[in-house]
Amino acid sequence: MSSRTLAPLIILAVIAVFVVWFAIVMAICETAVTRISRSTLNNMVVQVQTNDESDFVSNRKLTRIHRVQGFVAHRHATAASCSFMRIVANIFEGVLVATMAQLAGAPVSAQIPIGLVVALVVAIISNLVRPRTSSVDAVHVMMQHSRLVAACLTLTPFTLHSRKNDSPRSADQDLSDDEEVEKAHLEQGKAAIERLVENRIFDKEISEMLRNVLTLSDTLTREIMVPRTDMFCIGKDTSLGDLLKTCSRSGFSRVPIVGESIDDLIGVAYLKDAVKAVAFNPDANGRSVESIAREPLLVPESKPVDDLFHDMQTHRQHVAMVVDEYGGIAGLVTIEDALEQIVGEMEDEHDKVQRQDPVKMADGSWKVPARTSLADIEELFEMDIDEDDVDTVYGLLTKALGSVPIVGSTASIHGLQLTAVDQAGRRKKVSTIVVQRDDMQYSTRGADDEDDAKDKESGEDHD
């Protein structure tokens with residue numbers, strides 16, 4: 001073998017080794033993307049957002065996870081792209097080996113068989129090294145090679161295009177192997193329940209509960225949570241004494257503690273912790289609620305309710321903070337919210353039925369339901385309320401306060417004084433508001449009108 005052919009052989013050998021590695025990686029990713037479940041990725045996002053690592057490391061991990069979530073969103077297109085690139089690599093490997101055999105002086109009749117055998121060996125090895133373990137291992141594989149897979153998807157746009165031209169149901173079929181098995185079992189369970197209901201083996205209430213249990217996996221946490229706009233929170237500088245008064249007025253026993261904003265979550269304050277702290281030490285009333293803050297349970301908003309219920313049982317938590325895909329606080333969910341998906345609306349002896357019609361009081365004020373429209377308020381008080389942001393008296397009170405109202409909250413706006421006087425439902429949401437004219441504003445307005453009239457008269461006399 002001459003020195004002229006040695007250098008090209010070494011270069012081709014290096015390229016051949018790289019192509020073998022590439023083919024194996026594509027085979028691994030082709031299988032791994034079909035084994036990843038969406039819930040696993042959502043849980044990993046929450047874990048990364050709540051760990052003690054530096055922001056740089058966390059952001060890198062989140063970027064990779066979000067990239068893998070994009071692969072899972074187009075699961076079959078990603079697998080098809082990896083499969084196509086693997087086949088191309090196998091073919092190219094055979095061509096490289098045949099070329100190397102030619103440079104080494106092998107006869108023409110042996111060059112093609114040698115290339116074919118090597119390509120077959122690489123294909124067999126690629127098939128043997130595919131992951132056959134858990135979804136978590138598949139996620140780590142995809143995160144490790146996420147940039148390479150993204151490049152392959154860019155080079156093979158026709159795989160994604162062909163997926164878009166499939167039937168409308170194709171998006172629902174983008175499930176991992178484990179998810180497909182779970183879906184099949186769920187469908188079988190629903191069919192069995194329907195047969196039992198048709199045969200009237202159970203009464204109506206139990207049949208409905210069984211149906212609800214089977215639909216928990218189809219319901220996401222975001223559908224049952226209290227949105228952040230309706231969350232009742234307290235500041236980190238609030239004293240324990242004020243916390244006791246606030247819990248007594250609002251009816252809540254677990255309240256999120258926040259800093260500068262809702263996204264600046266400090267923890268969760270429990271009423272029983274505050275009572276324990278001040279019961280035998282009255283001086284503790286002045287302590288900050290931050291001293292009794294408990295670590296919150298964070299869950300992604302896309303978590304199915306059945307998984308949520310299981311996590312809350314495992315962590316022995318009755319309340320969890322819901323996190324959106326950007327790491328912000330999307331809302332709050334309680335274990336009762338999950339239970340209500342099974343047994344229906346739950347009310348205790350403290351829950352009150354909301355009044356349906358406005359009631360005029362002796363002092364001229366009106367006691368109205370919180371959902372009363374502003375148009376009805378305008379009719380009751382014969383006035384115009386220029387508001388484009390809100391439609392109900394509850395929304396008007398919330399806007400005037402700048403926070404979620406509780407029983408006892410009062411504010412003045414548009415010449416009206418609004419006071420929350422009652423609450424209803426397990427979520428202790430304000431149900432009744434007393435509306436009356438704000439005498440202070442009207443007296444001030446009357447004085448201004450008189451001054452305007454005097455100025456006008458003096459102007460006429462001067463003329």
Side-chain angles (χ1 to χ4, degrees), residues 10-38 40-41 44 60-101 112-166 170-171 173-181:
I10 294 175
I11 295 174
L12 290 177
V14 173
I15 296 175
V17 171
F18 172 77
V19 173
V20 170
W21 172 83
F22 179 77
I24 293 174
V25 170
M26 288 294 99
I28 293 174
C29 294
E30 179 186 351
T31 303
V33 74
T34 63
R35 295 179 177 273
I36 300 176
S37 65
R38 294 172 175 83
T40 301
L41 292 173
M44 290 187 67
R60 287 188 62 185
K61 287 185 177 180
L62 286 175
T63 300
R64 291 181 179 180
I65 295 174
H66 290 325
R67 195 179 291 137
V68 175
Q69 286 178 325
F71 299 154
V72 173
H74 306 284
R75 193 190 305 272
H76 291 280
T78 304
S81 177
C82 292
S83 177
F84 177 81
M85 298 303 291
R86 175 179 57 82
I87 295 173
V88 171
N90 286 338
I91 296 173
F92 188 46
E93 182 69 23
V95 173
L96 282 174
V97 173
T99 304
M100 292 170 62
I112 295 178
I114 291 175
L116 179 61
V117 169
V118 172
L120 290 175
V121 171
V122 173
I124 293 173
I125 295 175
S126 301
N127 183 69
L128 294 176
V129 298
R130 293 185 177 190
R132 293 176 173 81
T133 54
S134 64
S135 172
V136 176
D137 295 334
V139 171
H140 290 307
V141 168
M142 292 301 296
M143 288 179 60
Q144 184 178 1
H145 304 291
S146 60
R147 290 183 180 274
L148 184 60
V149 175
C152 292
L153 279 171
T154 303
L155 294 173
T156 57
F158 50 86
T159 58
L160 184 61
H161 179 72
S162 63
R163 190 66 188 165
K164 289 180 179 178
N165 291 335
D166 286 347
S170 61
Q173 297 169 355
D174 269 336
L175 303 175
S176 67
D177 296 343
D178 294 338
E179 288 173 335
E180 288 181 351
V181 173

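Bear in mind that the values here come from a model prediction, so they are computed numbers and not experimental data.
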Measure the spacing between [atom1] of [X] and [atom2] of [Y] and express it to the nearest 0.5 Å.
X      : Y      : atom1 : atom2 : answer
Met100 : Ile11  : CE    : CD1   : 11.5 Å
Arg147 : Thr63  : CZ    : OG1   : 8.5 Å
Arg67  : Leu62  : CZ    : CG    : 12.0 Å
Cys82  : His145 : SG    : NE2   : 10.5 Å
Leu153 : Thr159 : CG    : OG1   : 5.5 Å
Thr31  : Met142 : OG1   : CE    : 10.5 Å

Closest heavy-atom contact between [X] and [Y]?
X     : Y      : result
Ala32 : Val141 : CB-CG1, 4.3 Å
Ile36 : Arg75  : O-NH1, 2.7 Å
Phe22 : Ala89  : CD2-CB, 3.8 Å

- Message: Please determine whether the number of non-hydrogen atoms from other residues, nucleotides or ligands lying under 6.0 Å from atom CG of Leu116 exceeds 12.
- Response: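 More than 12 within 6.0 Å, yes.
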- List in chain and number order the residues that pass side-chain hydrogen bond (donor to acceptor under 3.5 Å, both in side chains) with Arg60, two or more places apart in sequence or in another chain; answer none if no residue qualifies.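 None.
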[X] side chain to [Y] main-chain N or O, any donor-acceptor pair under 3.5 Å?
X      : Y     : value
Ser146 : Arg64 : no
Ser83  : Ala79 : no
Ser81  : Ala77 : no

- Task: Check ring pair (Phe, Tyr, Trp, His ring centres under 6.0 Å) between Phe92 and all other residues, then give those that pass, not counting sequence neighbours.
- Result: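 Applying ring pair (Phe, Tyr, Trp, His ring centres under 6.0 Å) to Phe92 gives none.
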- Message: Restricting to ring pair (Phe, Tyr, Trp, His ring centres under 6.0 Å), what partner residues turn up for Phe84, sequence neighbours left out?
- Response: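 With sequence neighbours excluded, Phe84 shows a ring pair (Phe, Tyr, Trp, His ring centres under 6.0 Å) to Phe158, given in chain and number order.
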- Query: So, do Leu148 and Met26 sit near enough that their side-chain heavy atoms are less than 4.5 Å apart?
  - Reply: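 They are in contact (side-chain heavy atoms under 4.5 Å apart), so the answer is yes.
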